[in-house]
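Reviewing the structure listed below.
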2 protein chains.
Amino acid sequence: MPYTRDNLTEVLRRHDINPTHQRIEIAYALFSRGEHLSADQILAIVNDRHSETSKATVYNTLNLFLEKKLVREVIVDPSKVFYDPNPSPHHHFYNVDTGELADIDAAGIEVHGLPALPDGMVTEGVDIIVRVRAG
Amino acid sequence: MPYTRDNLTEVLRRHDINPTHQRIEIAYALFSRGEHLSADQILAIVNDRHSETSKATVYNTLNLFLEKKLVREVIVDPSKVFYDPNPSPHHHFYNVDTGELADIDAAGIEVHGLPALPDGMVTEGVDIIVRVRAG
DNA sequence: ACCAGGATCTGGACTTAGTCTAATCGTGAC
DNA sequence: GTCACGATTAGACTAAGTCCAGATCCTGGT
């Protein structure tokens, strides 16, 4: 089912996010493309035709989405954070030459041999990044 | 064997790096501590007693070390890069609350189920980051 | 000892991702 | 209408990292 502004409104509500116009537009930019985008790219997309949303709102909104677990952040490029709309567990290929990111479905991937956590610690998540390049 | 400025000079040479005074000091700061440090922290350490090395040189040198594979960069904190002097293959625990990094020896860790690489691509490396927090 | 040329280092200006702030806007409750 | 409160805004600000043009430090040749 394709993402529409209407069904995204519902998604926002289910994540406890008040669906304002700007928030819907930002969610739409991210989810309709299904790609990894930086805050800058989202700002550009949202303001493509005419200026609609400020930089501050884009950052505020992305951090809100993050906090509400609507999107994930992918930190591989030292210069900027990418936001990832894929809700299912997955890892990433990262092309170190071009900066391209591609998903790796986590189903079927197993990691063995990780040591026990220090006392009183809990795992938030395990991220696997496979750095690749042409060769 | 502890790291000294003398044996680090040799290490630099083996990595095809002309061992200048500044480069030795930067290598010493990183290797004698054996910790993950940011460029800022290294700058502070090197200039602790009296100003010896400029910001530009610290960044240039760390990028040179990176290129020559003397150190690795660890990208987990969106606001700064950490430099890692541990030469043996390993992964990382990352405490999302405190920002602390800890090594996980790669010996004994196996990852199964990774899909084949796209045509003509080569793996540079596989990084596993286990995000943990107190709980 | 002197010089030339290349490599290295430097301060400071610059760029840019991201944050902060104080003012304004919108909307629902009364 | 108006009050309150959450959301949005422009623009100033911060800080990591880069860039540049001049200074300085080798090193090898004479």
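So that the names make sense, note that chain A is the first sequence line, chain B the second, and so on, each numbered from 1.
Taking 4.0 angstrom as the limit, A/Gln22 places a side-chain polar atom (N or O) nearer than this to OP1 or OP2 of D/dT9. Taking 4.0 angstrom as the limit, A/Thr57 places none of its side-chain polar atoms (N or O) nearer than this to OP1 or OP2 of D/dT8. For D/dT8, one of the phosphate oxygens OP1 or OP2 lies less than 4.0 angstrom from a side-chain nitrogen or oxygen of A/Thr20. At D/dC19, none of the side-chain N or O atoms of B/Asn60 fall inside 4.0 Å of OP1 or OP2 (strictly under the cut-off).
Looking at B/His92 and B/Val74, their side chains come closer than 4.5 Å, going by heavy atoms from C-beta outward. The side-chain heavy atoms of A/Phe93 and A/Ile129, taken from C-beta on, include no pair separated by under 4.5 Å. Annotation: side chain of A/Ile42 is in contact with side chain of A/Leu30 (closest heavy-atom distance under 4.5 Å). Within the 4.5 Å cutoff, no side-chain heavy atoms of B/Glu52 are placed close to those of B/Gln22. Using a 4.5 Å heavy-atom cutoff, the side chains of A/Phe65 and A/Pro85 are not in contact.
When heavy atoms are screened at a 4.0 angstrom cut-off, A/Ser79 is found touching the sugar-phosphate backbone but no base atom. If you check every strand for non-hydrogen atoms under 4.0 Å, B/Asp77 touches nothing.
Regarding B/Glu52, its CD atom lies at a distance of 16 Å from the C1' atom of D/dC25, rounded to whole Å. A/Ile24 has its CD1 atom 15 Å from the C1' atom of D/dT8, to the nearest Å. If you take CG of B/Leu43 and C1' of D/dA15, they are 13 Å apart, rounded to a whole angstrom. Atom C1' of nucleotide D/dA16 and atom CD1 of A/Ile75 are separated by 15 Å, given to the nearest angstrom. Rounded to whole Å, the distance from CG on A/Asn18 to C1' on D/dC5 is 12 Å. In this structure, B/His21 places its NE2 atom 17 Å from P of D/dT24, rounding to the nearest Å. Taking atom CG of B/Leu66 as the reference point, atom P of D/dT18 lies 11 Å away to the nearest angstrom. When the C1' atom of D/dT14 is taken as reference, atom NZ of B/Lys55 falls 12 Å away, rounded to whole Å.
The nucleotide range of DNA chain C contacted by chain A, defined by atoms under 4.0 angstrom from heavy atoms of the protein and reported 5' to 3', is C/dA17 to C/dC20.
Note on ring orientation: taking the six-membered ring where Trp is involved, the planes of A/His90 and A/His36 are tilted (angle from 30° to 60°).
Nearest-nucleotide mapping onto DNA chain D: of A/Leu64 and B/Tyr59, the residue sitting toward the 5' end is A/Leu64. Map B/Ala56 and A/Tyr83 each onto its nearest nucleotide of DNA chain C; the residue landing nearer the 5' end is B/Ala56.
Within the hydrophobic cluster formed by Ile, Leu, Val, Met, Phe, Trp and Tyr side chains joined at under 4.5 Å, directly or through other members, A/Tyr59 stands alone, with no partner residue.
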